[in-house]
Amino acid sequence: MSWSRALRETARSGLTVERRRLEPLIALRGAVGLALVVGLSLALFGPVIAAGSAFGAFQAAIATFQRSWRPRPVLALVSGASLAVSTFVGYVTVSHTLLFLSVLVVWTFAAGMAWAAGPTGGIIAASNVAIMLVTITLPTSVADAAAHAAVMALGGLVQAVLIVLFPVRRWGAQRDALADALAAEADYARSLRHDPTVHFDPVPLMTARSAAAVTSRQARRRPAELHGARGIAERLRPVLASLADPALGVPAEGLERAWVREMLAAAGSVLDAAATAVRHGEPVRIAATDLGVLRTPDNEVILVGPPRRAADRLNVLLADVIEIAEGAGTRAPAAHATQTRRRPGLLRLVPVVLAAMRRELHRRSPILRHAVRVSVVAATGYLLGAALPFGHGYWAPMAAVMVMRPDFSQTYSRSVARFGGTVVGVALATGIVQAVRPGVTVAAGLAVICAFLMYLLMRTGYAVSQVCVSAYVVFLLGMAGDDWSQTVPERVVLTLVGGLLAMVSYAVFPAWETPRLRNRLAGWLTTDGRYAATVLDHYADPATADLEDVRTALLTTREARVAWQEALETAQHEPVRHRGISRTAADDAQKALAQLGRVAMLMEAHLPAASADPVPGAAELAEALRTSTEQGARAVRERRVPDWEPVRRVVEGWDAPGADPAVPVPGPFVRGGAVLLLQALEDFSRGLEGAASTDGREGEAS
């Protein structure tokens with residue numbers, strides 16, 4: 001993609017306004033907390049300290065809107081406390097330029113590395129640095145700075161108390177995550193009626209798994225309908241796919257296929273009903289016709305073999321889903337369904353975050369590159385802002401820190417949105433000021449209104465939120481005694497400077513995802529091969545096999561698949577000619593690997609019991625898969641086409657004309673699965689056959 005096209009697309013993305021579900025009660029709660037803090041500070045300390053306290057309460061409320069499964073009061077407290085510390089340290093050192101620049105670089109570098117712990121930590125840390133650049137200009141002495149820090153921490157405390165006293169949809173985020181997973185399973189069941197090999201998006205299940213991690217205290221208070229349903233939803237997916245797939249189940253046409261379509265439609269309706277019940281905490285409402293289709297004795301007459309086993313298993317799992325969604329939990333839950341995923345507490349999370357940061361301290365890490373970029377840009381922006389004859393030089397580094405992200409598209413789109421939103425917000429706020437000439441109290445009220453609109457419209461688009469934020473800052477600083485007359489020119493120009501610095505920094509020191517596409521694809525291939533081999537290990541030795549190994553392998557390949565898809569999506573918007581792999585080859589390889597994982601999942605749905613006899617040939621095939629996929633991953637990284645001769649030799653050896661008839665071979669189900677695995681691997685190689693020459697031409701063109 002050329003630079004001109006990349007800039008056009010990122011600009012369009014940044015200025016896009018989306019229709020999203022609004023949360024007025026949560027926005028109102030945040031605005032009320034802000035109003036309480038500002039009003040109390042105005043009454044006790046005056047407008048300057050009130051402005052500082054407002055920034056603390058404002059940022060604490062924003063932190064609670066970030067996507068995190070941790071208790072929201074904790075996020076508010078952490079945000080308020082960290083902003084208080086940042087402000088005090090910044091004020092103490094700001095009079096010594098070199099010392100302050102050193103502190104700013106270290107603080108910003110740490111904020112950039114916080115992205116290693118996830119986007120929630122990265123966004124909160126970046127916002128604290130940006131607001132710190134404003135708040136250090138408010139105090140006039142060390143004692144005054146300490147007072148500002150104290151009221152900022154108080155702002156975070158007030159927001160946390162309001163969340164505890166006035167919860168809005170307690171466990172609402174977890175309910176939504178689980179309901180989305182069940183709804184995704186319902187959509188999958190209906191899609192299988194028309195396309196028995198349709199692929200399933202694992203993201204809703206991954207999100208539900210993240211939401212299911214709770215602390216010990218949370219585990220004691222969690223509603224019953226949130227406990228156990230996720231594990232059942234995970235087991236439903238392979239059962240649904242096994243029931244629908246003609247390669248390992250019923251024929252593509254005929255009475256059995258028509259009956260399976262009816263069962264899949266009924267399963268989709270039941271799962272939708274369970275999702276609605278979980279989301280809203282209501283009773284499950286299921287049509288009698290759906291239950292009749294699923295529980296009729298005709299299942300035992302029409303379906304035989306693996307399809308019948310899948311149908312029986314589907315009925316058992318759906319019954320468990322219904323019972324859990326009712327809020328009572330299962331009567332006799334399986335051992336793995338009762339286990340609770342533990343989330344470390346706040347103090348125990350510190351070493352986890354530090355370890356994540358240490359893992360990113362290498363030359364090729366996009367997180368490290370982002371931390372270096374944002375720290376250099378913050379220092380440069382601060383110096384430029386101080387040198388320009390506008391005053392309020394902090395707007396340049398503040399704008400840069402707020403828009404910078406580890407990837408190209410978000411940084412550029414947010415830079416455009418920040419500039420556009422600042423122009424509109426500052427112009428509107430200045431126009432209101434010129435028309436109304438508000439006093440301290442009115443300015444504070446206008447700031448609270450802007451904050452409420454920001455909380456309410458935050459998820460509709462970054463440009464919209466920046467309109468509200470810019471107006472909020474103008475009213476707040478005006479309340480503290482800022483000069484209204486210089487608002488528009490200085491802040492618009494300095495915001496433009498900050499945005500340009502952010503954009504130039506990514507062009508000079510990029511962290512392109514495009515060159516890493518082959519590594520991502522190779523990682524997905526390796527994890528898919530290990531997953532399939534682990535499933536085959538269970539067929540080879542059912543007595544000693546551990547189901548947790550299969551579960552771990554599945555989660556690993558799921559993460560690798562999502563990492564590949566995110567990298568591919570990011571690379572599409574990067575102005576890099578040499579893609580590392582052509583788009584056509586990437587699409588073909590992705591389809592083949594999705595099929596490879598799907599076949600392994602189908603075989604997992606029919607794992608033998610521990611008392612079953614070992615399946616001959618399964619161990620040899622598992623070893624061949626492990627070895628071949630690891631070698632194939634190496635070939636992908638080296639721009640070669642993988643060869644699957646070891647796997648082909650094992651599979652074809654079972655039916656070779658000269659094979660010893662005395663040597664046992666796998667049954668039809670495992671043999672059919674092995675053939676499908678080999679076909680997926682060969683499709684993968686065929687998809688990459690033209691990639692090497694295409695990549696070479698792209699490399700020469702670049």
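Along the sequence shown, the residues carry numbers beginning at 1.
- Looking only at side-chain heavy atoms (C-beta outward), Leu314 and Leu240 come within less than 4.5 Å of each other.
- Glu256 places no side-chain N or O within 3.5 Å of a backbone atom of Pro251 that could act as its donor or acceptor partner.
- A search for side-chain hydrogen bond (donor to acceptor under 3.5 Å, both in side chains) contacts involving Tyr531 returns Glu604, not counting sequence neighbours.
- For Arg309, the side-chain hydrogen bond (donor to acceptor under 3.5 Å, both in side chains) criterion is met by no residue, not counting sequence neighbours.
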Task: From CA spacing to verdict: side-chain hydrogen bond (donor to acceptor under 3.5 Å, both in side chains), Thr197, Asp195 - done: CA-CA 5 Å; Thr197 61; Asp195 182 2; 3.1 Å; yes
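- Two residues are said to be in side-chain contact when any heavy atoms from C-beta on lie closer than 4.5 Å; Leu607 and Leu547 meet this criterion.
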For residues 668-684, tabulate all N or O donor-acceptor pairs below 3.5 Å that involve a side-chain atom, not counting sequence neighbours.
{"unit_1": "Arg671", "atom_1": "NH2", "unit_2": "Asp655", "atom_2": "OD1", "d": "2.2"}
{"unit_1": "Arg671", "atom_1": "NH2", "unit_2": "Asp655", "atom_2": "OD2", "d": "3.2"}
{"unit_1": "Glu682", "atom_1": "OE2", "unit_2": "Arg648", "atom_2": "NE", "d": "3.1"}
{"unit_1": "Glu682", "atom_1": "OE2", "unit_2": "Arg648", "atom_2": "NH2", "d": "3.3"}
{"unit_1": "Asp683", "atom_1": "OD1", "unit_2": "Arg686", "atom_2": "NH2", "d": "2.2"}

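- Side-chain atoms of Gln565 and Gln590, non-hydrogen and from C-beta on, do get closer than 4.5 Å to each other.
- In terms of heavy-atom proximity, Leu205 sits nearest to Ala233 at CD2-CB, 4.2 Å.
- Using modelled atom types, no side-chain atom of Arg209 and backbone atom of Leu555 make a donor-acceptor pair closer than 3.5 Å.
- Considering Ile367, Val372, Val353 as possible partners of Met113, the one that fulfils the side-chain contact (heavy atoms from CB on, under 4.5 Å) test is Ile367.
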Open item on the list: Working note: Asp528 + Thr629, criterion side-chain contact (heavy atoms from CB on, under 4.5 Å); need CA distance, chi angles, decisive distance, verdict.
Closed with: CA-CA 8 Å; Asp528 254 6; Thr629 50; over 6 Å; no
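- Residues Leu182 and Arg279 are not in side-chain contact: their nearest non-hydrogen atoms beyond the backbone lie 4.5 Å or more apart.
- Here CH2 of Trp512 is found 13.0 Å from CG of Leu517. Values are rounded to the nearest 0.5 Å.
- Side-chain contact between Arg551 and Glu234 is present, with heavy atoms from C-beta onward closer than 4.5 Å.
- For the residue pair Ala208 and Ala177, the shortest heavy atom distance occurs at CB-O, 3.8 Å.
- In this structure Glu185 satisfies the salt bridge (Lys or Arg N to Asp or Glu O under 4.0 Å) test with no other residue, sequence neighbours excluded.
- Of all heavy-atom pairs between Arg193 and Arg261, the closest is NE-O, 3.0 Å.
- The shortest side-chain heavy-atom distance between His370 and Asp407 does not fall under the 4.5 Å cut-off.
- In Arg364, the CZ atom is not crowded: 12 or fewer heavy atoms of neighbouring residues, nucleotides or ligands sit closer than 6.0 Å.
- Although no hydrogens or angles enter the test, the distance criterion places a donor-acceptor pair under 3.5 Å between the side chain of Ser365 and the main chain of Glu360.
- Remark: the backbone N or O of Leu226 is not paired with any side-chain donor or acceptor of Gln174 at under 3.5 angstrom.
- To the nearest 0.5 angstrom, Thr557 atom OG1 is 13.5 Å from Trp564 atom CH2.
- Taken to the nearest 0.5 Å, the CD atom of Glu262 stands 9.5 Å off from the CG atom of Asp290.
- Nearest heavy atoms, Leu602 versus Ala241: CD2-C, 3.3 Å.
- Scanning all heavy atoms of the two residues, the minimum distance from Ala114 to Gly121 falls at CB-O, 4.0 Å.
- Residues forming a ring pair (Phe, Tyr, Trp, His ring centres under 6.0 Å) with Trp644 (at least two apart in sequence, or on another chain): none.
- Partners of Arg175 under the side-chain hydrogen bond (donor to acceptor under 3.5 Å, both in side chains) rule, at least two apart in sequence or in another chain, are Glu225.
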TODO: Evaluate the criterion side-chain contact (heavy atoms from CB on, under 4.5 Å) for residue pair Ile123 and Arg405; output intermediate values, then yes/no.
DONE: CA-CA 9 Å; Ile123 292 172; Arg405 293 293 184 266; 4.0 Å; yes
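- Considering only heavy atoms from C-beta on, Leu318 comes within 4.5 Å of Leu236 through its side chain.
- Residues Leu688 and Pro642 have side chains in contact (heavy-atom distance under 4.5 Å, counting atoms from C-beta outward).
- Interatomic distance, CE of Met206 versus CD of Glu559, reported as 5.0 Å (0.5 Å rounding).
- Every residue was checked against the salt bridge (Lys or Arg N to Asp or Glu O under 4.0 Å) condition with Glu630, not counting sequence neighbours, and none meets it.
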Task: Step-by-step side-chain contact (heavy atoms from CB on, under 4.5 Å) determination, Ile324 to Val278 - done: CA-CA 9 Å; Ile324 291 175; Val278 168; over 6 Å; no
What donor-acceptor contacts under 3.5 angstrom involve side-chain atoms of residues 533-542, with partners at least two apart or in another chain?
{"unit_1": "Thr534", "atom_1": "OG1", "unit_2": "Arg530", "atom_2": "O", "d": "2.6"}
{"unit_1": "Asp537", "atom_1": "OD2", "unit_2": "Arg626", "atom_2": "NH1", "d": "3.4"}
{"unit_1": "Asp537", "atom_1": "OD2", "unit_2": "Arg626", "atom_2": "NH2", "d": "2.4"}
{"unit_1": "His538", "atom_1": "NE2", "unit_2": "Asp546", "atom_2": "O", "d": "3.0"}
{"unit_1": "Tyr539", "atom_1": "OH", "unit_2": "Met603", "atom_2": "O", "d": "2.6"}
{"unit_1": "Tyr539", "atom_1": "OH", "unit_2": "His606", "atom_2": "O", "d": "3.0"}
{"unit_1": "Asp541", "atom_1": "OD1", "unit_2": "Thr544", "atom_2": "OG1", "d": "3.4"}
{"unit_1": "Asp541", "atom_1": "OD2", "unit_2": "Thr544", "atom_2": "OG1", "d": "2.5"}

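- For residues 586-603, the set of pairs meeting the salt bridge (charged side-chain N to carboxylate O under 4.0 Å, His left out) definition, not counting sequence neighbours, comprises Asp245-Arg598, Arg583-Asp587.
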Open item on the list: salt bridge (charged side-chain N to carboxylate O under 4.0 Å, His left out) for Arg518 and Glu638? Distances and angles first, verdict last.
Closed with: CA-CA 9 Å; Arg518 282 186 171 269; Glu638 297 173 357; over 6 Å; no
Would you mind writing out the side-chain donor-acceptor pairs for residues 263-273 within the sub-3.5 Å range, not counting sequence neighbours?
{"unit_1": "Ser269", "atom_1": "OG", "unit_2": "Ala265", "atom_2": "O", "d": "3.3"}
{"unit_1": "Asp272", "atom_1": "OD2", "unit_2": "Arg190", "atom_2": "NH1", "d": "2.8"}
{"unit_1": "Asp272", "atom_1": "OD2", "unit_2": "Arg190", "atom_2": "NH2", "d": "2.8"}

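- Partners of Glu569 under the side-chain hydrogen bond (donor to acceptor under 3.5 Å, both in side chains) rule, at least two apart in sequence or in another chain, are His573.
- Glu623 contributes atom CD, which lies 9.5 Å from atom OG of Ser628 (distance to the nearest 0.5 angstrom).
- With hydrogens and angles ignored, the 3.5 Å screen pairs no side-chain donor or acceptor of Arg637 with any backbone N or O of Ala522.
- Residues passing the salt bridge (Lys or Arg N to Asp or Glu O under 4.0 Å) test with Arg313: none are found, sequence neighbours excluded.
- Residues Ala633 and Thr526 approach most closely at CB-OG1, 3.1 Å, considering heavy atoms.
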Open item on the list: Could you walk me through whether His199 and Gln595 satisfy the side-chain contact (heavy atoms from CB on, under 4.5 Å) test, starting with their C-alpha distance in whole Å, then the side-chain angles of each, then the deciding distance to 0.1 Å, before giving a yes or no?
Closed with: CA-CA 8 Å; His199 295 296; Gln595 176 65 5; 3.9 Å; yes
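- Taken to the nearest 0.5 Å, the CZ atom of Phe200 stands 7.5 Å off from the OH atom of Tyr188.
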